[in-house]
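Let me begin by presenting the structure, written as structure tokens, before commenting on it.
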Amino acid sequence: MDNDMTFKQRSGFGYFFFGLELALTPGIRRFVILPLLINVILVGSALFYLFNHLNTWIEQLIGQIPDFLSWLSYVLWPLLAITILATFSYFFSTLANFVAAPFNGLLAEKVEERLIGAPINSDGIWSMVKDIPRILAREWRKLIYTLPKAIGLFLLLLIPALGQTLGPLLWFIFTAWMLAIQYCDYPFDNHKVSFNQMRHNLKQKQTKAYGFGVLVSIFTTIPIINLIVMPVAVCGATAMWVGEFKNKLQ
């Protein structure tokens with residue numbers, strides 16, 4: 001791969017679209033297949049269920065608004081639709097990432113090797129198999145970090161008027177940050193960088209982290225397209241690791 005293209009620093013948006021280019025690269029595509037299949041099965045099933053119940057849930061939430069604020073329903077319907085879609089997509093994407101974590105880590109490894117032109121792990125596939133318990137423990141660590149914040153935002157959404165107006169915006173910002181953490185963690189973890197250190201490093205590049213997370217969040221809510229987001233995001237996050245963090249941490 002062309003060196004200028006590989007190590008060129010990009011915006012957060014740029015790293016996401018570069019991830020799409022990497023995911024389609026010969027030699028990388030075969031490592032995309034398993035994460036892609038897992039995402040299609042889990043997220044696809046969730047979205048099918050969601051679209052069969054979305055209208056009922058929104059009507060129930062809007063029904064809690066006091067009569068004198070009923071005019072807000074015209075504003076809240078699309079906001080609540082987006083929020084519920086984003087929440088469902090985020091939850092099932094998180095589940096898909098948990099299941100696919102070993103394969104996402106392998107994909108991140110192969111993308112990094114492609115970008116730097118050198119192997120980063122000579123132990124082979126058996127090394128990944130032996131590392132599965134540690135990888136899943138790392139996914140659990142991310143879940144523990146995320147869950148209290150997600151519950152707090154969910155409770156905010158239940159507050160009539162205020163929560164249902166402010167909640168969707170806060171949820172979108174939260175989701176962007178958590179998706180940046182979710183996908184950037186794979187290349188960091190491949191180099192045994194601690195979870196707390198990884199978060200600290202992302203905070204030093206918040207503009208790029210949020211930009212990347214915003215695009216992942218948006219595409220995660222778009223039916224059909226969201227089925228391919230996971231491997232693309234892994235590739236893009238790995239490119240961000242190489243371009244922004246690798247040389248500073250090693």
Side-chain angles (χ1 to χ4, degrees), residues 9-20 35 39 43 79-80 82-98 100-101 104-105 108 138-157 163-191 193-222 225-226 229-246 248-249:
Q9 288 193 321
R10 296 168 164 82
S11 66
F13 286 11
Y15 281 116
F16 179 83
F17 288 115
F18 187 41
L20 176 60
N39 202 47
V43 177
L79 285 176
L80 288 172
I82 292 170
T83 302
I84 292 172
L85 183 58
T87 303
F88 245 69
S89 298
Y90 177 73
F91 176 79
F92 280 93
S93 292
T94 300
L95 178 60
N97 275 293
F98 196 95
N104 284 337
R138 180 84 166 211
E139 290 299 309
W140 181 252
R141 176 68 181 85
K142 283 185 274 188
L143 185 60
I144 294 299
Y145 173 75
T146 303
L147 203 55
K149 302 172 181 62
I151 291 173
L153 284 172
F154 176 75
L155 293 176
L156 176 63
L157 287 170
Q164 292 161 353
T165 305
L166 186 61
L169 176 61
L170 294 178
W171 181 264
F172 182 76
I173 295 171
F174 165 75
T175 300
W177 175 245
M178 290 312 307
L179 287 172
I181 285 179
Q182 175 67 56
Y183 290 107
C184 288
D185 190 52
Y186 293 117
F188 276 87
D189 187 41
N190 281 343
H191 292 272
V193 178
S194 73
F195 181 77
N196 289 336
Q197 180 64 42
M198 181 271 299
R199 288 196 297 113
H200 173 75
N201 288 119
L202 286 184
K203 287 179 180 178
Q204 306 308 306
K205 300 273 187 178
Q206 283 192 52
T207 301
K208 294 189 178 185
Y210 272 107
F212 178 80
V214 161
L215 267 193
V216 177
S217 182
I218 290 172
F219 283 110
T220 297
T221 64
I222 301 174
I225 292 178
N226 58 9
V229 165
M230 183 164 66
V232 170
V234 173
C235 293
T238 304
M240 189 187 298
W241 153 261
V242 173
E244 306 291 335
F245 303 107
K246 181 179 174 68
K248 298 176 182 178
L249 292 172

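Sequential numbering from 1 along the given sequence is applied to the chain's residues.
At a threshold of 4.5 Å between non-hydrogen side-chain atoms, the residues K203 and H200 do not count as touching. Between M240 and C184, some side-chain heavy-atom pair lies under the 4.5 Å cut-off.
Side-chain atoms of K142 do not come within 3.5 Å of backbone N or O of I181 as any donor-acceptor pair. At least one donor-acceptor pair under 3.5 Å links the side chain of K149 to the backbone N or O of Y145. A donor-acceptor contact shorter than 3.5 Å is absent between the side chain of S217 and the backbone of G213. Side-chain atoms of N190 come within 3.5 Å of backbone atoms of G105 as a donor-acceptor pair (strictly under, hydrogens ignored).
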Note to self: For a side chain to side chain contact (heavy atoms under 4.5 Å, CB included) check, start with the C-alpha distance between Y210 and I173, then their side-chain angles and the critical distance, and finish with the verdict.
What the structure shows: CA-CA 8 Å; Y210 272 107; I173 295 171; 4.0 Å; yes

Next item on the list: Kindly indicate, with the supporting measurements, whether the criterion side chain to side chain contact (heavy atoms under 4.5 Å, CB included) is fulfilled by F13 and F212.
Entry: CA-CA 5 Å; F13 286 11; F212 178 80; over 6 Å; no

Check: R10 and F17: side chain to side chain contact (heavy atoms under 4.5 Å, CB included), yes or no, with the steps?
Finding: CA-CA 10 Å; R10 296 168 164 82; F17 288 115; over 6 Å; no

Next item on the list: Take H191 and W241 through the test side chain to side chain contact (heavy atoms under 4.5 Å, CB included) and record every step on the way to the result.
Entry: CA-CA 11 Å; H191 292 272; W241 153 261; 3.3 Å; yes

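Across N196, L202, N201, a single residue satisfies side-chain contact (heavy atoms from CB on, under 4.5 Å) together with M198, and that is L202.
Once rounded to the nearest 0.5 Å, the distance linking CG of L215 with CG of L20 reads 11.5 Å. One finds the CD atom of Q206 at 13.5 Å from the NZ atom of K208 (value rounded to the nearest 0.5 Å). The distance from atom CZ of F172 to atom CD1 of I218, rounded to the nearest 0.5 Å, is 4.5 Å. Note that CD of Q182 is 12.0 Å distant from OG1 of T175, once rounded to the nearest 0.5 Å.
Nearest heavy-atom pair across A239 and F18 is CB-CD2, 3.6 Å. Closest of all the heavy-atom pairs between G19 and C235 is O-CB, 3.4 Å. Taking both residues in full, the closest heavy atoms of A237 and P187 are given as O-CG, 4.0 Å, listed atom of the first, atom of the second, then distance. The two residues N104 and P35 come nearest to each other via the heavy atoms OD1-CB, 3.3 Å. Here the closest heavy-atom approach between residue Y186 and residue A108 is recorded as CB-CB, 4.0 Å.
Aromatic ring orientation, F16 versus F219: parallel (interplanar angle below 30°, classes split at 30° and 60°).
For W177 and F174, the gap between ring centers reaches or exceeds 6.0 Å.
Under the 6.0 Å distance and 45° angle rule, R138 does not count as a cation-pi partner of F195.
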